[in-house]
Amino acid sequence: MAKCIIDGKKITAPDGTPILQAARDNGIDIPTLCSHESIEPSGACRLCVVEIKKGKRSKIVTSCLYQVEDGLEVDTKSERVMNVRRLVLALLLARNPASEVIREIAVKMGVNPQPRFKLDEDKGKCILCRLCVRTCADIVGVNAIGLSHRGPSKTVGPPFDEDSSACIGCGACAYVCPTGHILMEEKVDERKIWGRRFKMKACDTCGRYFAPLDQLEFISKKTGVSVADLSICTSCR
Amino acid sequence: METARTDERTKLREIIARYHGEKSSLIAILQDIQEAYNYLPVAILKMVGQEMDIPLMRVYEVATFYNAFSLTPRGKNVVEVCAGTACHVKGAINLLENLERELEIKCGETTKDETFTLEQVRCLGCCSLAPVVRIDGNIHAYLTQQQIPDILRNYRK
Amino acid sequence: MSKINTLEDLNKAGKRGLATLIPSGTKIMVGMATSGIASGAQDVYHALDREIRERRLDIILSRTGSMGMDCMEPLVDVLEPGKPRLAYGKITAKKAPTLLEQIAKGTIETIKPFYRMDEEESIILGKSKRYGDGSVPAYLKEIPTIKEIPFYAKQVKIATRNCGLIDPESIDEYIAKGGYSGLYKAITGMKPEAIIKEVIASGLRGRGGGGFPAGIKWKTCREAKGDVKYVICNGDEGDPGAYMDRSVMEGDPHSVIEGMIIGAFAIGSHDGYIYVRNEYPLAVANLGKAIEKAREYGLLGKNIFNSGFDFDIRISKGAGAFVCGESTALMASLEGAAGEPRAKYIHTVEHGLWNRPSNLNNVETWANVPAILTRGGKWFAGIGAQNSTGTKVFSVVGKINNIGLVEVPMGTPLKDIVYDIGGGVPHGRKFKAVQTGGPSGGCIPEKLIDLRVDFDELWKAGSMMGSGGMIVMDDRTCMVDIARYFIEFLESESCGKCIPCREGVRRMRDILEDICAGKGQAGDVELLETMSQAIIDGSLCALGGSAPNPVLSTIRYFRDEYDAHIKEGRCPAGVCKALIKYSVDSETCTGCGMCVKVCPTGAARGEKKQPHVIDEATCTRCGACLESCKFDAINVK
Ligand SMILES: Cc1cc2nc3c(=O)[nH]c(=O)nc-3n(C[C@H](O)[C@H](O)[C@H](O)COP(=O)(O)O)c2cc1C
Ligand code: SF4
Ligand code: FES
Ligand code: FES
């Protein structure tokens with residue numbers, strides 16, 4: 001157990017707990033964009049920064065990654081912290097003018113668009129939080145999409161910007177995306193995502209279309225359970 | 001067509017074997033492929049994924065992250081203008097613009113006849129000779145705009 | 001080749017090396033580092049080779065690295081038995097026959113050497129060896145000794161001790177200069193803890209930029225849990241305008257290898273990696289050959305010096321990414337992935353390459369280690385400044401007369417480097433600033449010329465040691481343009497993972513570009529300052545964390561230039577194209593027509609022998625006329 005102070009409040013948390021979680025468990029809110037409970041933190045968005053003090057030295061760290069320590073003093077709203085958050089949001093307002101989610105957070109934090117930043121037109125709503133990529137790689141295990149190029153040209157998508165042949169149409173990336181950048185169109189027996197169309201499988205019991213065939217085949221290959229045995233939707237199982 | 005594919009696969013397997021198929025040698029393998037083809041052809045990259053059992057996405061990530069890799073064919077002669085600090089303060093930008101005019105392409109492009117590709121690099125480690133331009137691995141030192149047409153002529157031959 | 005297992009074996013190899021290093025006959029050495037080759041050393045070498053063979057001369061021809069005075073390249077050194085060693089600069093293939101004739105005649109009539117060396121120093125052995133009996137023939141007395149020429153007078157060479165003196169491909173010559181004796185001493189006579197103690201005592205701080213104490217890093221890595229540990233050499237040298245590490249890897253690869261073996265033994269590692277920049281093919285080649293030779297001698301591989309200790313090294317080539325110089329990105333790249341840094345709350349000495357304890361040091365750091373082992377930590381700590389011991393290699397480039405690589409004790413005044421060693425700014429222009437620390441560093445203005453160059457003093461002045469690039473700037477260098485240049489560099493080199501760096505640096509570049517284009521707005525400088533602080537605080541790795549430094553330091557010392565751009569639409573240095581005008585000075589113009597010939601747009605015009613003019617509307621400010629005018633008649637304002 002580690003004893004530390006967050007925003008003046010004495011807190012005890014198990015060793016290894018990220019500051020973010022320790023704070024939230026104690027009712028202290030820290031904004032985040034790239035953290036998700038079931039995905040390893042990557043520290044990409046920097047919205048969750050806090051100022052920590054150990055002895056005389058203070059520094060800014062990301063609360064989603066930095067773990068509680070004995071004697072640590074944390075300030076989640078210091079001027080330095082707010083300066084970082086304000087910049088991050090102003091930058092995102094310019095990068096993703098179409099994103100309602102970003103606009104809402106900005107309004108909540110009182111951040112206005114910076115007129116010196118020209119608005120981007122080609123980035124859609126993607127903030128490059130990489131949650132979709134991590135989900136596809138670490139949770140689904142497919143690696144259909146990823147991060148290509150670097151610096152300002154960094155993009156999320158399938159390799160060679162082609163339709164992803166590896167994609168199984170599971171839609172987990174669209175589900176996890178915080179801004180709704182990833183488009184998934186669903187018709188009754190068909191799903192469209194990342195430029196590819198996926199035939200949906202109907203449940204053997206209730207007849208409802210519940211999952212793409214490719215996904216069932218993928219699961220079948222991985223688990224050894226036949227597609228036939230997988231062809232019943234969760235509600236009928 | 002089919003045999004061409006097989007030949008390419010054999011060639012690729014040779015390259016991969018140099019590194020005992022180690023996944024950590026992906027960058028070195030891509031470097032060797034680029035050496036052999038002058039760029040990274042998409043078809044070969046797809047083979048790399050299969051042969052090395054690396055998700056194609058990972059191969060694509062690496063191929064697009066590093067400056068040294070090109071996914072489009074490059075010209076016979078690669079002209080690299082140094083944009084390091086020493087060369088910058090000695091007017092490298094003027095050399096670049098001059099080359100763009102002479103070759104009638106922008107930086108990063110290849111001439112229609114595929115003779116030249118124009119690129120920018122960050123410091124060739126020859127800062128004492130600034131400004132420098134490297135063509136086909138040869139370093140041209142203390143370069144002036146005036147010398148450019150003659151130098152290009154030599155490579156056109 | 002037989003293995004080296006004992007001190008006797010080592011001494012035997014040293015004797016062999018000495019026989020080629022200072023042979024009984026005449027020897028000619030050509031400086032064949034990358035910059036030497038680029039200035040034509042290869043042609044010189046071939047010309048000499050041909051002549052020597054055709055004339056059946058009894059002369060040994062050999063290759064060496066660079067002694068640092070790169071502005072005099074191609075460099076050729078001549079060593080005749082019983083005479084001092086002579087250094088000739090700017091030798092061309094055409095001059096080769098003349099040089100050989102002159103040697104045959106025993107004169108220096110046609111081509112003058114620019115310095116002589118009466119003895120060869122070995123910092124490792126702590127002594128010098130006189131060439132011949134040490135007497136100087138009368139006709140050579142007029143030539144200054146190396147210590148008498150200002151470029152070398154204040155230099156102390158530890159890391160670059162052998163560069164330009166030995167053939168980098170000869171392990172025997174390296175051994176003749178005391179090489180591998182530090183390793184012998186360490187492995188056969190010292191406990192790992194004692195080695196680490198020695199390195200801590202030396203005060204050696206990392207030369208790759210951060211200045212972290214090397215011994216402490218080794219100690220933490222030694223104590224870290226894990227059976228498999230890695231020792232890594234950072235040869236990425238990404239700072240533009242810097243080439244110290246290239247020079248060492250090319251000119252004295254064994255110094256790095258020996259340092260790494262000592263470090264590995266102290267830390268308890270059996271696998272080493274050298275990560276070398278893609279742009280340095282010769283460094284890769286020379287390191288590769290050196291590793292082969294060390295393996296042949298059993299200095300790498302199993303059971304080194306019969307001690308039971310095993311260690312080997314692999315070379316990994318970078319693929320062009322500045323960020324891969326950062327420790328966590330470098331390790332990701334070694335693993336075969338894109339070089340994205342990760343947060344360093346977990347240290348790489350504990351969880352580094354493949355998540356195992358890994359000790360990363362810079363090329364120059366490693367090259368210092370053998371000297372520390374042979375001469376002792378105390379000796380090293382006695383050189384340099386209080387908290388920055390030893391020497392530092394700098395590449396002094398840009399607007400300076402003696403361009404080259406210099407190694408000086410830490411704490412040497414900047415003034416000595418710029419004026420004494422560097423010989424000041426050329427063309428009688430005014431010295432303005434020195435940029436240090438690469439893209440993460442800053443500009444030291446003329447008024448701080450007395451600053452003593454060490455880690456802490458540079459930091460206080462708002463700059464950094466970085467890896468050792470020093471770019472000298474004169475009054476024709478625009479400081480806003482320099483800030484824009486570095487920010488643009490960092491924008492394109494950002495890995496793109498975190499928002500402040502990826503997006504913030506890009507927006508800073510937009511603003512700086514506006515300022516350079518005359519579209520700056522009131523409040524821009526203040527906005528840049530606020531953004532800078534947030535980017536420094538908020539970025540994931542030190543690339544973003546230091547990216548604003550060039551902007552902050554130029555604002556701090558050259559605010560007037562920012563104001564001139566924004567408020568007056570003027571670029572005082574005459575660099576920013578949108579804000580300058582080219583014109584012809586009718587007094588000095590002779591009407592030679594050169595500008596008319598080179599102008600790509602036809603903006604320069606005029607009658608022969610009459611003063612010419614430049615049409616402002618069609619002039620693109622490409623600088624072609626400026627560069628070609630022999631009479632300095634082109635004005636830029
Ligand atoms: C963006 C960035 C680039 C770097 N580039 C280099 C480099 O090219 N060479 C180097 O030795 N260190 C470089 N460093 C510093 C390394 O991260 C690391 O601190 C150093 O190699 C450790 O060795 P040292 O302690 O011997 O200096 C860089 C750091 C950052 C943040
Ligand atoms: S600071 Fe820049 S280089 Fe470092 S992680 Fe962030 S985006 Fe990547
Ligand atoms: S939530 Fe911590 S960096 Fe994004
Ligand atoms: S800056 Fe051009 S070679 Fe270094």
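Below, chain A is the first sequence line, B the second, and so on; all start at residue 1.
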Rounded to the nearest 0.5 Å, what separation is found between the [atom1] atom of [X] and the [atom2] atom of [Y]?
X         : Y         : atom1 : atom2 : result
His140(B) : Ser39(C)  : NE2   : OG    : 13.0 Å
Cys127(B) : Arg246(C) : SG    : CZ    : 7.5 Å
Glu627(C) : Thr144(B) : CD    : OG1   : 4.5 Å
Asn98(B)  : Cys622(C) : CG    : SG    : 7.0 Å
Gln145(B) : Cys599(C) : CD    : SG    : 10.0 Å
Arg101(B) : Thr601(C) : CZ    : OG1   : 8.0 Å

- Message: Heavy atom to heavy atom, less than 4.5 Å: which residues from residues 482-493 of chain C reach chain B?
- Response: Ile482(C), Arg484(C), Tyr485(C), Phe486(C), Glu488(C), Phe489(C), Ser492(C), Glu493(C)
Which of [options] touches chain B most, by non-hydrogen pairs under 4.5 Å:
options                                    : answer
Val575(C), Asn278(C), Val396(C), Asp481(C) : Asp481(C)
Ser628(C), Cys71(C), Pro600(C)             : Pro600(C)
Glu73(C), Arg621(C), Arg277(C)             : Arg277(C)
Gly40(C), Gly339(C), Cys324(C)             : Gly339(C)
Ser333(C), Gly438(C), Ser247(C)            : Ser333(C)

[X], part contacting chain B, at a heavy-atom distance under 4.5 Å:
X         : answer
Ala337(C) : backbone
Ala283(C) : neither
Arg476(C) : neither
Lys597(C) : neither
Met72(C)  : neither
Cys478(C) : neither
Val323(C) : side chain

- Message: Taking side chain as everything from C-beta outward and backbone as N, CA, C, O, which of these in Ser25(B) sits under 4.5 Å from a heavy atom of chain C? Side chain, backbone, both or neither.
- Response: side chain
- Query: Which region of Gln146(B), side chain (C-beta onward) or backbone (N, CA, C, O), has a non-hydrogen atom less than 4.5 Å from a non-hydrogen atom of chain C, or is it both or neither?
  - Reply: both
- Query: Under the side-chain hydrogen bond (donor to acceptor under 3.5 Å, both in side chains) rule, what pairs show up with a residue in residues 395-405 of chain C, not counting sequence neighbours?
  - Reply: Lys399(C)-Asp474(C), Lys399(C)-Thr477(C)
- Item | Top of Gly125(B), Gly137(B), Ala141(B), Ala28(B) for chain C proximity - count of heavy-atom pairs under 4.5 angstrom | Gly125(B)
- Which atom of Gly336(C) lies closest to which atom of Val62(B), heavy atoms considered: O-CG2, 3.6 Å
- Item | Minimal non-hydrogen separation, Gly241(C) against Cys123(B), with atom names | N-SG, 3.3 Å
- Message: Between the side chains of Arg58(B) and Glu335(C), is the shortest nitrogen-to-carboxylate-oxygen separation below 4.0 Å, so that they form an ion pair?
- Response: no
- Message: Taking the side chain as everything from C-beta on, heavy atoms only, tell me whether Ser128(B) gets closer than 4.5 Å to Ser35(C).
- Response: yes
- Contact check, side chains of Asp70(C) and Leu129(B), non-hydrogen atoms, under 4.5 Å: no
- Query: Residue by residue, which of residues 63-79 of chain B have a heavy atom closer than 4.5 Å to a heavy atom belonging to chain C?
  - Reply: Phe65(B), Tyr66(B), Asn67(B), Ala68(B), Phe69(B)
- Going by residue number, which parts of residues 85-97 of chain B are within reach of chain C, meaning a heavy-atom gap below 4.5 Å? Thr85(B), Ala86(B), His88(B), Val89(B), Lys90(B), Asn94(B), Glu97(B)
- salt bridge (charged side-chain N to carboxylate O under 4.0 Å, His left out) assessment of Glu22(B) paired with Arg314(C): CA-CA 14 Å; Glu22(B) 285 171 345; Arg314(C) 289 173 62 160; 3.2 Å; yes
- Message: Using side chain to side chain contact (heavy atoms under 4.5 Å, CB included), reason through Ser24(B) and Leu334(C) one step at a time and then give a plain yes or no.
- Response: CA-CA 7 Å; Ser24(B) 58; Leu334(C) 278 178; over 6 Å; no
